[in-house]
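Indexing begins at 1, ligand by ligand and atom by atom, following the structure's order. Predicted, not measured: the structure shown is a model, and the values here were computed from it.
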Amino acid sequence: MALITRDVRNDFPVLDRKTASGEPLAFLDNAASAQRPNAVIDAMSDCYRRYYANVHRGIHTLSEESTAAYEAARETTREFMNARSTREVIFTAGTTAAINLVAHSWGNQFVQKDDVILLTIAEHHANIVPWHQLSERVGCRVEFLPLQDDFTIDDAVVKERLETLRPKLFAFASSSNVLGTNFPVQRWTKLAHEFDAKVLVDAAQAAPHQAIDVQQWDAEFVVFSGHKACGPSGIGVLYGKEALLDAMPAFLGGGGMIDKVTTTGFTPHHLPEKFEAGTPPIVEAIGLAAALKYLQGVGFENIRQHEHALCEMADNAFREIEGVEIIGPTPDKKRESSALRSTECTRMTSPNG
Ligand SMILES: Cc1ncc(COP(=O)(O)O)c(C=O)c1O
């Protein structure tokens with residue numbers, strides 16, 4: 001357990017407090033929502049203290065500084081995901097809001113009666129309910145890939161379902177919050193594209209644990225939340241391929257997302273503002289950027305190795321307790337993926353959704 005040192009623990013002020021029994025706090029509920037390091041708290045506090053104002057609409061100094069910081073946060077997020085352009089990075093209220101945006105905007109426009117939306121049975125409710133709601137609106141069908149006994153899904157099964165069902169969209173979590181299973185994003189996206197399906201990747205549980213490369217993944221949409229990645233709550237990210245986002249109608253209407261409004265209609269703004277109606281989560285975006293930089297500073301390889309060691313320890317200890325059944329892939333499966341083992345262990349303490 002050498003890699004993540006006391007310095008990292010010291011970055012999180014909440015870990016100074018003691019538990020009810022007087023022990024130093026150990027917080028294992030990160031999968032539900034992580035704690036924030038000083039870097040995030042300071043960045044947000046600095047904005048509130050020195051330069052907070054609304055963005056994109058004031059011509060005074062504070063607004064210009066806030067706008068610059070908000071757009072710099074978008075650039076940091078773009079770089080974090082390796083998106084081609086900041087036009088592909090939309091700030092939302094979180095993963096749930098991002099999936100709902102896609103289900104409404106893309107779904108209402110491009111999905112028709114009897115079209116299929118394909119999910120896995122290991123999805124969070126945020127990646128199930130919006131598709132049921134779309135089904136209520138347009139009459140599409142929602143189908144689920146079943147899990148095998150070892151809590152994984154073979155590529156052959158994915159291929160067969162894609163071939164038979166010919167879904168319009170295949171939406172799945174890169175890491176399941178229910179089981180900890182890591183699904184092979186790049187391989188499944190390639191398969192889906194062979195059968196003309198678009199792909200949405202729910203990266204809510206991936207963003208805190210691994211570098212995300214949306215160009216390598218090649219999915220049409222990738223979504224994640226700030227609060228699980230040591231950032232603030234109330235902010236998330238929707239990445240979408242630019243041509244597709246351009247072809248989608250605006251979702252929420254209001255200030256900020258319009259180019260022109262008349263008494264008879266409106267013309268939407270260009271990307272990304274088109275999908276950011278109303279005052280956006282300004283300080284939260286600044287906090288998110290600080291969180292992403294913080295994670296990169298600790299280093300995903302260090303994070304991976306530390307989680308691996310923690311999970312090894314937890315896994316061994318749990319298996320010695322009689323009557324405890326661990327739901328999720330066993331450590332001997334997919335050994336190449338230590339993130340799988342780490343999320344598996346996290347899930348034992350924190351099933352949610
Ligand atoms: C895999 C996954 N998807 C989506 C969500 C929903 O995220 P949020 O509540 O931040 O919108 C969660 C939260 O636990 C999750 O684990």
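- Contact between Lys228 and ligand 1 is present, with at least one heavy atom of the residue lying under 4.0 Å from the ligand.
- Between Trp106 and Phe221, the ring planes lie perpendicular to each other; the angle is over 60°, past the 30° to 60° tilted range.
- Of all atoms in ligand 1, numbered sequentially from 1 with element shown, those under 4.0 Å from a heavy atom of His227 are 8 (P), 10 (O).
- Per-residue contacts place Thr96 under 4.0 angstrom from the following atoms of ligand 1 (heavy atoms of the residue considered): 6 (C), 7 (O), 8 (P), 9 (O), 11 (O).
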Please tabulate, for side-chain N and O atoms in residues 270-280, each donor-acceptor pair with protein atoms closer than 3.5 Å (sequence neighbours left out).
residue	atom	partner	partner atom	Å
Lys274	NZ	Leu245	O	2.9
Lys274	NZ	Asp246	O	3.0
Lys274	NZ	Met248	O	2.6
Glu276	OE1	Tyr70	OH	2.8
Glu276	OE1	Arg74	NH2	3.1
Glu276	OE2	Arg74	NH1	2.8
Glu276	OE2	Phe91	N	2.7
Thr279	OG1	Asn54	ND2	3.0

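- With ligand atoms numbered from 1 in the order given, ligand 1 contributes 2 (C), 3 (N), 4 (C), 15 (C) to contacts under 4.0 Å with heavy atoms of Ala204.
- In this structure, Phe172 and Phe183 have perpendicular ring planes: the angle between them is above 60°, well past the 30° mark.
- The heavy atom nearest to atom 1 (C) of ligand 1, out of those in Val223, Thr95, Asp202, Asn127, is found in Asp202.
- The Ser225 neighbourhood of ligand 1 comprises atoms 7 (O), 8 (P), 10 (O), 11 (O), with distances under 4.0 Å to a heavy atom of that residue.
- Take Glu163 and apply the side chain to side chain donor-acceptor pair (under 3.5 Å) test, not counting sequence neighbours, and it matches no residue.
- The existence of a salt bridge linking Glu307 and Arg304 is excluded, since no basic side-chain nitrogen approaches an acidic carboxylate oxygen closer than 4.0 Å.
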